[in-house]
Protein chains: 2
Amino acid sequence: MKSKLSPRQQRILSFIQEFMDDHQYPPTVRDIQSGCEVSSTSVVDYNLQKLQQMGYLKREREVSRGIALIGEGLKDSRRDIVRIPIMGSIAAGEPLQVPDAPTHADQSYDTVDLTSSLTKDRQDLFALRVKGTSMIDALVADGDLVILERAFDARDGDMVAAWLDGSEETTLKRFYLEGDMVRLQPENETMEPIRVPAKDVSVRGRVVGVVRSL
Amino acid sequence: MKSKLSPRQQRILSFIQEFMDDHQYPPTVRDIQSGCEVSSTSVVDYNLQKLQQMGYLKREREVSRGIALIGEGLKDSRRDIVRIPIMGSIAAGEPLQVPDAPTHADQSYDTVDLTSSLTKDRQDLFALRVKGTSMIDALVADGDLVILERAFDARDGDMVAAWLDGSEETTLKRFYLEGDMVRLQPENETMEPIRVPAKDVSVRGRVVGVVRSL
DNA sequence: GTTGACATCGCACAAATGGTCTGTTAACCT
DNA sequence: AGGTTAACAGACCATTTGTGCGATGTCAAC
């Protein structure tokens, strides 16, 4: 099915790539023609068909510049990027506000771009910058970026960002429901868990990732 | 210079973005026309001119689909992606091999894609998957991905991946040179530093990031 | 040498597509 | 009222551009 590329096909392929880097749109058949020193448009068309059969690109018929490269380099990395708004900081004692719809990154927030290999296509993500070392028992250091999926409840074992009415702070811990009490278990095994009444705990989000950039 | 966008201009702009996500090429004037429920191509042309004046996009005259978005959204995030090879695992007791030129991601390795906002344009990056909890004192959990910049020496305070001849293991610690001894200080302040002769320590890489995906 | 698949070539057609011209409407200013 | 301007509408034209088709060249198999 997938045989080797002729020198001309290779040239065409890399020309398309170059062209799309320079401009922002694909070349026409005639662009390729002159760029690859081919004497006829139909030759280009012929080879494009071949390349399409071999799975190197996709074409839309009757559409000018209807060429789309496919395969590793482009589609995977360039496409699946999620822009995540950094909604604020998380630190002991500070209130944490999580707006209703953090889906669409407003211009007003800082953002991080992550590839979907890390977010696994989850929706409703937002990020918090960790201030201070108060989350160190969750294996999160000062300056880390915590990626959260918006959530208002949690299942046992989830790592969550939760607001504690009692101590007036937001913290990152593993969540376990025990009757009408909630046990919040630090990630770090050398630290002790804390138990609080379920009514005094409100979950703000489920942690799906941590990013530390030094 | 840069005034506000009319609702129609906003719609056109986001339509272009959507369209380019779906297909791989920019829309035609008529695509925009029907997509944004405009009754005339001239209106689209008119607004595209405006948008161009305001610097939201670039157009090439007489060229079909000659539209290129500029500014934040596209060029910055979508372009600067680094594919980092995951060269193996790091775990107590296991040898760690760091090949000479990990720059070009071979097909043979798994890879992660990170945006340059996290890598800060550093070169010669590779990643290691952490196995086990032996790095927990460096605030690194089981399954985390450590991003490293290839290095064979370190400056005081750098977080490094180092091979210890004595205990036959690779570990992640902060590096401090004290005479002919090296002090390796865990990130976690509750843990004690260790000191070893400098000759028994060989630095393999400088940690530039940690990624935890749950 | 003949045959036939494969790649190429030149050309022309028609659809796709960008640009422009002429009005129209509504808001705004004097 | 009169004039100016931004935004829009509809029709029209010119070019760009994909595609079809027949002819030609190439090369290996028979």
Side-chain angles (χ1 to χ4, degrees), chain A residues 1-70, chain B residues 1-70:
Chain A
M1 175 78 195
K2 206 171 209 177
S3 60
K4 287 198 180 58
L5 297 173
S6 80
R8 177 160 281 178
Q9 285 161 355
Q10 283 187 9
R11 187 164 178 190
I12 289 180
L13 215 49
S14 58
F15 175 79
I16 295 176
Q17 220 147 4
E18 242 179 84
F19 190 98
M20 293 194 64
D21 268 2
D22 283 354
H23 318 70
Q24 214 71 344
Y25 40 83
T28 67
V29 172
R30 285 170 176 75
D31 286 332
I32 300 174
Q33 179 193 357
S34 64
C36 296
E37 287 161 315
V38 180
S39 56
S40 169
T41 59
S42 55
V43 178
V44 177
D45 184 67
Y46 173 78
N47 282 292
L48 285 181
Q49 278 187 41
K50 287 290 172 188
L51 286 170
Q52 186 174 15
Q53 281 174 22
M54 291 187 276
Y56 286 97
L57 45 82
K58 198 166 60 83
R59 288 182 82 194
E60 200 128 347
R61 278 182 56 92
E62 318 262 303
V63 169
S64 71
R65 302 173 193 273
I67 302 176
L69 294 173
I70 46 184
Chain B
M1 174 75 192
K2 208 171 210 176
S3 60
K4 287 195 180 60
L5 297 173
S6 79
R8 177 160 283 178
Q9 285 160 356
Q10 285 187 9
R11 186 165 179 190
I12 289 179
L13 216 49
S14 56
F15 175 80
I16 296 177
Q17 221 148 4
E18 241 179 85
F19 190 97
M20 292 194 65
D21 268 4
D22 283 354
H23 318 70
Q24 217 67 346
Y25 40 83
T28 68
V29 172
R30 278 167 238 274
D31 286 333
I32 300 174
Q33 180 192 356
S34 65
C36 295
E37 288 160 315
V38 180
S39 58
S40 169
T41 61
S42 64
V43 177
V44 177
D45 185 66
Y46 172 78
N47 283 293
L48 285 181
Q49 278 186 40
K50 288 290 172 185
L51 286 171
Q52 185 174 14
Q53 282 174 22
M54 291 187 275
Y56 286 96
L57 46 82
K58 198 165 61 82
R59 288 182 82 194
E60 201 128 347
R61 277 184 56 92
E62 319 264 304
V63 170
S64 72
R65 304 172 192 273
I67 302 176
L69 294 174
I70 44 185

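Letters A, B, ... are given to chains in the order of the sequence lines, protein chains preceding strands, and every chain is numbered from 1. Keep in mind that this is a model prediction, so the values were computed, not measured.
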Q: Measure the distance from CD on Q33(A) to P on dT17(D) and round it to the nearest whole Å.
A: 12 Å
Q: Separation of E60(A) atom CD from dA16(C) atom P, in whole Å?
A: 12 Å
Q: With side chain to side chain contact (heavy atoms under 4.5 Å, CB included) as the criterion, how do I67(B) and L51(B) come out once you've worked through the C-alpha distance, each side chain's angles and the decisive distance to 0.1 Å?
A: CA-CA 11 Å; I67(B) 302 176; L51(B) 286 171; over 6 Å; no
Q: Is D21(A) reaching over with its side chain to a backbone N or O of E18(A), donor-acceptor style, under 3.5 angstrom?
A: no
Q: Might you list the N or O atoms of the protein lying below 3.5 Å from N or O atoms in nucleotides 22-27 of chain C, with each pair's distance?
A:
none

Q: Send over the distance from H23(B) NE2 to dA16(C) P, rounded to a whole Å.
A: 15 Å
Q: Taking CZ from R11(A) and C1' from dT8(C), how many angstroms apart are they, rounded to a whole number?
A: 15 Å
Q: Testing the basics here: between D31(A) and F19(A), what is the closest heavy-atom pair and its distance to 0.1 Å?
A: OD2-CZ, 3.6 Å
Q: From OH of Y25(A) over to P of dT17(C), roughly how many Å is that when rounded to an integer?
A: 15 Å
Q: Would you give the length of the straight line joining atom CD of Q52(B) to atom CZ of R59(B), rounded to the nearest 0.5 angstrom?
A: 6.5 Å
Q: What is the distance, to the nearest angstrom, from the CZ atom on R61(A) to the C1' atom on dA15(C)?
A: 12 Å
Q: Ignoring hydrogens and angles, state whether a donor on the side chain of E60(A) or Y25(B) is under 3.5 Å from an acceptor on the partner side chain.
A: yes
Q: I need the residues from residues 34-50 of chain B with at least one non-hydrogen atom less than 4.0 Å from DNA chain C; give them sorted by number, or say none.
A: T41(B), S42(B), D45(B)
Q: Any N or O donor-acceptor pair under 3.5 Å from the base of dG18(D) to the side chain of R30(A)?
A: yes
Q: Can you check the R59(B) CZ to dT16(D) C1' distance for me, whole Å?
A: 15 Å
Q: Any side-chain donor paired with an acceptor under 3.5 Å for D45(A) and Q49(A)?
A: yes
Q: Over how many whole Å does the gap from I67(B) atom CD1 to dT17(C) atom C1' extend?
A: 11 Å
